Amino acid sequence: MHKRFDSAAIEKKWQEIWAEQKLYEVGERDTSKEKEYVLVELPYPSGNLHIGHWHAFAVPDIYVRFLRMSGKQVIYPMGFDAFGLPAENAAIKRNINPREWTESNIEFMKGQLQSMGASFSWDKTASTIDPNYYKWTQWMFTKFFENDLAYRGEAIVNWDPVDNTVIANEQVLADGTSERSGAVVEKKVMPQWMLRITKYADRLIDDLDNLDWPEPIKEAQRRWIGRSEGAEIDFKLSTGDTVTVFTTRPDTLFGATYMVLAPEHALVKQNKDKITNWDTVESYVKEAAKKDEQDRLNDTKEKTGVKLEGITATNPANNEEIPVYIADYVLASYGTGAIMAVPAHDERDGAFANKYNIKTVSVVYPVTGIPQENPEFRESIVAIVHNPKNDLYATINWKDPQKTLFVGGGIDSGESPEQAAVREIREETPCEHLELVSKTTTIEHSYFAHSKNVARKISAIGLLFTLTSSEETAQALEVDEADQFHFEWKDAQTIERELDDELHKTVWNMLVKKEVFTSTGKLMNSGEFNGMDSEEAKEAITKKVGGRMTSTYRMRDWSVGRQRYWGVPIPIVYDPEGKAHVVPEEHLPWLLPEDVDHKPTGEAPLAKSKELKERTEKIFGKGWTPEVETMDAFVDSSWYFLRYIDNQNDSAPVSTEAQKDWMPIDLYFGGAEHTTMHLLYSRFWQKALYDLKLVAHEEPYQRRINRGLILGPDGNKMSKSKGNVIDPDEQVKLVGGDSVKMYLAFMGPYGETANYPWDMGGIAGIRRFLEKVNGLHEHLADTEPESVTKQLHKTIAKLNDDIPVFKFNTAISAMMVFVNLAEKEGLSKESYRTFLTLLAPFATHLSEELWEQAGNTTSIHREPFPEANKELVKDDEVTIGVQINGKHRGEITIAPDASETIALVAAKADAQLAEKLGASEPKKVIYVPGRILNIII
RNA sequence: GCCGAAGUGGCGGAAUUGGUAGACGCGCACGACUCAAAAUCGUGUUCCGCAAGGAGUGAGGGUUCGAUUCCCUCCUUCGGCACCA
């Protein structure tokens with residue numbers, strides 16, 4: 001029966017009692033239980049919690065409580081990631097100290113967190129601005145510095161002109177603006193504090209394989225790191241310099257008809273004197289630099305560049321002299337900043353060569369590109385052949401020779417390709433039927449090998465070489481002189497129209513339309529490598545020209561220095577010669593000075609601190625100066641989960657004992673936005689610590705679950721300007737924390753990255769459900785119908801199934817079904833108690849209140865989670881669908897394990913079904929017990 | 001452009017070793033209670049059709065006794081990356 005309740009009073013009452021009893025503190029590790037470390041991303045104290053925080057923290061609490069009631073010792077910590085630009089900017093706006101602002105926010109947010117009624121392990125908390133925390137952040141940085149993982153290097157950095165600081169690559173959005181301020185990011189070359197994350201690139205990719213993470217997140221990290229396997233190859237310039245290029249396609253080296261340097265490439269300036277068109281070159285270089293600074297949105301289709309007159313390079317594969325260009329489509333910061341350009345097999349090079357009329361040479365032709373699962377098609381491919389004497393190309397289709405295409409020829413003689421080809425053929429074989437036996441002597445290697453071990457020698461069409469499509473060696477195969485082929489000549493348009501399979505289309509596009517073919521295949525026009533498979537040729541050609549197989553990465557080192565105030569001071573001091581030294585452990589924490597006007601001017605605020613300067617000289621001596629940059633806040637959050645589990649430790653960031661107790665993190669709930677930032681940084685950090693023997697695990701997070709976004713009621717992302725922001729405090733006031741939490745859990749499955757719009761009616765429905773639960777005791781009876789007991793056990797089973805896989809929505813739905821039934825049929829006191837414990841992880845306050853009202857003196861949250869009685873979960877009877885000829889025509893109710901005979905009898909007993917079935921005997925019966933009966937007549 | 005995820009009533013969603021499509025909730029309609037409204041309770045609610053019946057899980061095709069589920073082709077939406085050699 002529906003019965004209202006005062007959620008505010010109940011929730012406040014229990015929150016206080018729980019706090020007083022320290023009900024959710026974890027304390028020491030209890031080894032009689034299995035441990036479970038459930039982590040949620042610690043909040044940034046921006047002022048107040050938004051509804052997304054509820055979704056992030058309150059909903060996983062259901063899972064945490066379920067585990068705890070199921071007998072595990074669960075740690076579910078909460079803390080604050082409190083350094084960083086937003087707090088500093090907010091403080092500047094309000095003209096107060098960032099520390100004051102942040103700390104007051106933390107206090108306020110703690111109250112909000114309490115209103116969730118979640119079981120946070122408050123004895124295991126941490127705050128990144130606590131000197132006892134950042135002492136260890138600094139300490140680890142010094143270890144990194146000593147081990148060459150942190151270094152000061154020149155780098156092209158992203159400069160945010162509004163926040164007046166450098167930001168990381170990961171913080172630059174796709175449109176070239178800053179993730180922080182929204183300003184257009186500029187490129188600057190500056191000395192930077194960097195962390196050598198690239199050293200870990202391979203491990204960061206490879207170790208993903210062992211993690212229980214959603215595959216899309218892993219894939220996003222792999223792509224972000226962007227490992228490219230290829231080769232470095234040296235090209236000699238006519239100036240005597242050597243240019244190293246990076247390429248993923250060394251197999252196409254014979255097709256490298258020019259070379260491109262990035263405009264910023266050092267050799268450009270160095271050879272100023274030898275470049276005869278230096279003025280043009282110089283202005284292009286300047287233009288390119290400006291373009292880079294403006295924005296990277298400039299459409300990437302239009303390629304520009306300038307030829308370096310007076311300089312050539314030598315292609316090491318064929319010793320041909322090739323021109324050298326500079327072009328801004330080659331990036332200075334990727335690979336070696338120089339490329340070998342292969343216009344036939346790279347789209348960008350193709351576009352560039354087309355524009356500047358550079359020679360194009362095809363060196364790879366396709367053999368695949370055909371669906372693997374279509375063997376019939378594969379068999380039909382035979383080869384592409386080329387006669388360099390007359391530039392005639394042909395593709396031969398073995399199964400159906402009529403599909404053979406001839407392309408090219410006679411380009412220089414003014415003949416059309418068709419005319420030339422026909423002439424060629426006629427001259428060689430003056431008959432209509434081209435017999436595929438030796439008629440000419442120009443052919444050296446011209447074998448076709450059929451996949452069915454039938455070999456034929458083609459020698460009539462003036463083609464220099466052909467390639468086999470099977471493993472059979474050409475020499476071993478016999479010539480069958482009886483075979484004849486008839487080639488039908490068609491004009492180009494007809495041929496194009498009739499192209500009906502992928503290979504032929506590809507070849508046609510490549511050879512006739514001169515489109516760029518980027519796939520791998522087999523080699524041609526490549527000297528001794530002709531006919532070799534691309535993959536094989538990569539190594540072979542690299543080896544021949546003295547190159548090196550290597551990998552390069554999209555990801556750059558992590559720039560961590562910030563020219564701002566509100567962050568962890570980088571614990572480095574400089575001696576009078578300017579050499580960097582770490583601040584020794586006894587002087588840590590290296591405190592953030594207070595005597596600073598932190599307003600951003602572009603100069604680092606710490607440079608203005610007298611106290612910091614004096615401190616440095618006092619400790620290290622006269623002439624020593626402090627580093628004035630602070631650390632990116634992503635550094636702080638790269639290890640917080642380690643501090644949680646040993647937050648009182650004075651002698652180390654975290655003890656090995658605590659790690660043995662709790663690490664690794666069994667489950668990390670979080671948002672998709674951290675995929676390539678926090679999640680990558682902290683994995684790197686953990687690996688670096690691992691190599692320094694400071695942690696026991698190489699990966700911090702065993703399992704990761706990303707949640708979606710809560711949208712406004714209008715289906716849009718919540719924003720103040722749209723006026724669709726849902727304030728959690730207001731909602732809690734309206735319907736209570738239990739309802740807010742349950743509603744967020746009810747919207748949809750949690751483990752998928754789906755976004756759910758907030759629905760005012762929906763949350764009212766949850767509140768209504770809880771009010772029904774509140775009145776449920778009025779339906780108590782001495783005995784209950786078996787249907788109710790059975791439904792209860794089905795519900796128990798459902799919850800035990802659904803909660804571990806985060807399908808809280810269907811779990812709640814099952815409880816609703818039970819309550820609806822129990823209201824109608826009545827329920828026993830025992831069932832009522834059991835139901836309350838089912839509800840406890842969801843409606844933490846109300847279930848506790850009703851539990852107390854039912855006469856219990858200990859907390860419901862100490863109760864074990866119910867287990868279903870398997871006998872009671874089974875149904876005595878089921879209603880199954882009956883199909884006639886596959887169409888649903890009615891239903892019958894029978895025992896779940898009834899025999900086919902019984903099912904048929906039941907179907908015939910049904911008047912409607914009997915009529916449909918008529919008198920005829922069924923042709924076939926498909927009966928799946930408990931599921932379906934399908935009768936074919 | 002490339003990579004990834006997803007398309008089911010008016011809405012959020014449920015159902016996959018292939019077996020009654022639309023659980024549960026919202027919304028809506030009608031009824032009860034009320035002077036009235038709200039709240040609450042009851043009934044109904046995929047679409048077309050008075051009905052019998054038919055159609056139906058983004059579109060089209062295929063496999064199957066049977067497809068939201070498996071296969072092929074395509075479309076749309078969302079997310080990520082984007083001159084990365």
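Excluded from the calculations below are hydrogen atoms, water molecules and symmetry mates; all remaining heavy atoms, backbone and side chain alike, are included. In the text below, chain A, chain B and the rest are named by the order of the sequence lines, each starting its count at 1. These figures come from a predicted structure and were not determined experimentally.
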Between [X] and [Y], a side-chain donor and acceptor under 3.5 Å:
{"X": "A:Glu41", "Y": "A:His674", "result": "yes"}
{"X": "A:Asn724", "Y": "A:Asn716", "result": "no"}
{"X": "A:Tyr553", "Y": "A:Asp202", "result": "yes"}
{"X": "A:Lys924", "Y": "A:Asn934", "result": "no"}

Would you say [X] places a side-chain N or O within less than 4.0 Å of OP1 or OP2 belonging to [N]?
{"X": "A:Arg222", "N": "B:C81", "result": "no"}
{"X": "A:Asn809", "N": "B:A14", "result": "yes"}
{"X": "A:Tyr756", "N": "B:G12", "result": "no"}
{"X": "A:Ser228", "N": "B:A85", "result": "yes"}
{"X": "A:Asn820", "N": "B:G25", "result": "yes"}
{"X": "A:Lys807", "N": "B:A15", "result": "yes"}
{"X": "A:Arg768", "N": "B:U40", "result": "yes"}

Report summary line: Note: for A:Lys824 and A:Thr336 on RNA chain B, the residue whose nearest nucleotide lies more 5' is A:Lys824

Query - Residue met sooner reading RNA chain B from 5', once A:Thr552 and A:Asp759 are mapped to nucleotides - result: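 With A:Thr552 and A:Asp759 compared, the 5'-side residue is A:Asp759.
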
Measuring only the [atom1] atom in each nucleotide, how far is [N] from [M]? A whole number of Å is fine.
{"N": "B:A5", "M": "B:G9", "atom1": "P", "result": "22 Å"}
{"N": "B:A15", "M": "B:C70", "atom1": "P", "result": "15 Å"}
{"N": "B:G7", "M": "B:G12", "atom1": "P", "result": "12 Å"}
{"N": "B:A55", "M": "B:G22", "atom1": "C1'", "result": "15 Å"}
{"N": "B:U69", "M": "B:A29", "atom1": "C1'", "result": "34 Å"}
{"N": "B:U76", "M": "B:A23", "atom1": "C1'", "result": "28 Å"}
{"N": "B:A59", "M": "B:A52", "atom1": "P", "result": "26 Å"}
{"N": "B:C75", "M": "B:G60", "atom1": "P", "result": "15 Å"}

Report summary line: Every stem of 3 or more Watson-Crick or G-U pairs under 3.5 Å that RNA chain B joins, in order of first number, is B:1-7 with B:75-81, B:10-12 with B:24-26, B:27-32 with B:40-45, B:46-48 with B:53-55, B:58-62 with B:70-74

Give the rounded distance in Å between these two atoms: [atom1] of [X] and [atom2] of [N].
{"X": "A:Ile339", "N": "B:C83", "atom1": "CD1", "atom2": "C1'", "result": "10 Å"}
{"X": "A:Phe769", "N": "B:G12", "atom1": "CZ", "atom2": "C1'", "result": "17 Å"}
{"X": "A:Trp758", "N": "B:C11", "atom1": "CH2", "atom2": "P", "result": "21 Å"}
{"X": "A:Asn716", "N": "B:U77", "atom1": "CG", "atom2": "P", "result": "16 Å"}
{"X": "A:Leu709", "N": "B:G79", "atom1": "CG", "atom2": "P", "result": "10 Å"}
{"X": "A:Ile884", "N": "B:U20", "atom1": "CD1", "atom2": "P", "result": "16 Å"}
{"X": "A:Met816", "N": "B:C24", "atom1": "CE", "atom2": "P", "result": "10 Å"}
{"X": "A:Tyr743", "N": "B:G12", "atom1": "OH", "atom2": "P", "result": "11 Å"}

Using a 4.0 Å heavy-atom cut-off across all strands, classify [X] as base, sugar-phosphate, or nothing.
{"X": "A:Val928", "result": "base"}
{"X": "A:Ile936", "result": "sugar-phosphate"}
{"X": "A:Gly226", "result": "nothing"}
{"X": "A:Val260", "result": "nothing"}

Query raised in the report: Just wondering, more than 12 heavy atoms not from A:Arg931 lying within 6.0 Å of its CZ?
Result: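 At most 12 heavy atoms, drawn from other residues, nucleotides or ligands, come within 6.0 Å of this atom.
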
Query - Heavy atoms from other residues, nucleotides or ligands near CD of A:Glu778 exceed 12 (cutoff 6.0 Å) - result: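 Yes.
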
Report task. Please confirm whether A:Arg683 makes a cation-pi placement over A:Trp224, using NZ or CZ under 6.0 Å from the six-membered ring centre and within 45° of the ring normal. Result -> no

Query raised in the report: Are A:Arg767 and A:Phe5 in a cation-pi contact, defined as NZ or CZ under 6.0 Å from the six-membered ring centre and within 45° of the axis?
Result: yes

Query raised in the report: Are the charged groups of A:Arg222 and A:Glu219 less than 4.0 angstrom apart, N to O?
Result: yes

Query raised in the report: Should A:Ile322 and A:Lys359 count as side-chain neighbours, where that means a heavy-atom distance under 4.5 Å?
Result: no

State which of [options] makes the closest approach to the side chain of [X].
{"X": "A:Thr810", "options": "B:C83, B:C3, B:A14", "value": "B:A14"}
{"X": "A:His2", "options": "B:C41, B:A21, B:C24", "value": "B:C41"}
{"X": "A:Arg223", "options": "B:C3, B:G25, B:G19", "value": "B:C3"}
{"X": "A:Arg554", "options": "B:A85, B:G66, B:A82", "value": "B:A82"}
{"X": "A:Asp346", "options": "B:G12, B:A85, B:C83", "value": "B:A85"}
{"X": "A:Lys924", "options": "B:C65, B:U20, B:G12", "value": "B:C65"}

**Report entry** Syn-anti status, with the boundary at 90° from 0, for the nucleotide B:G9
**Finding:** syn

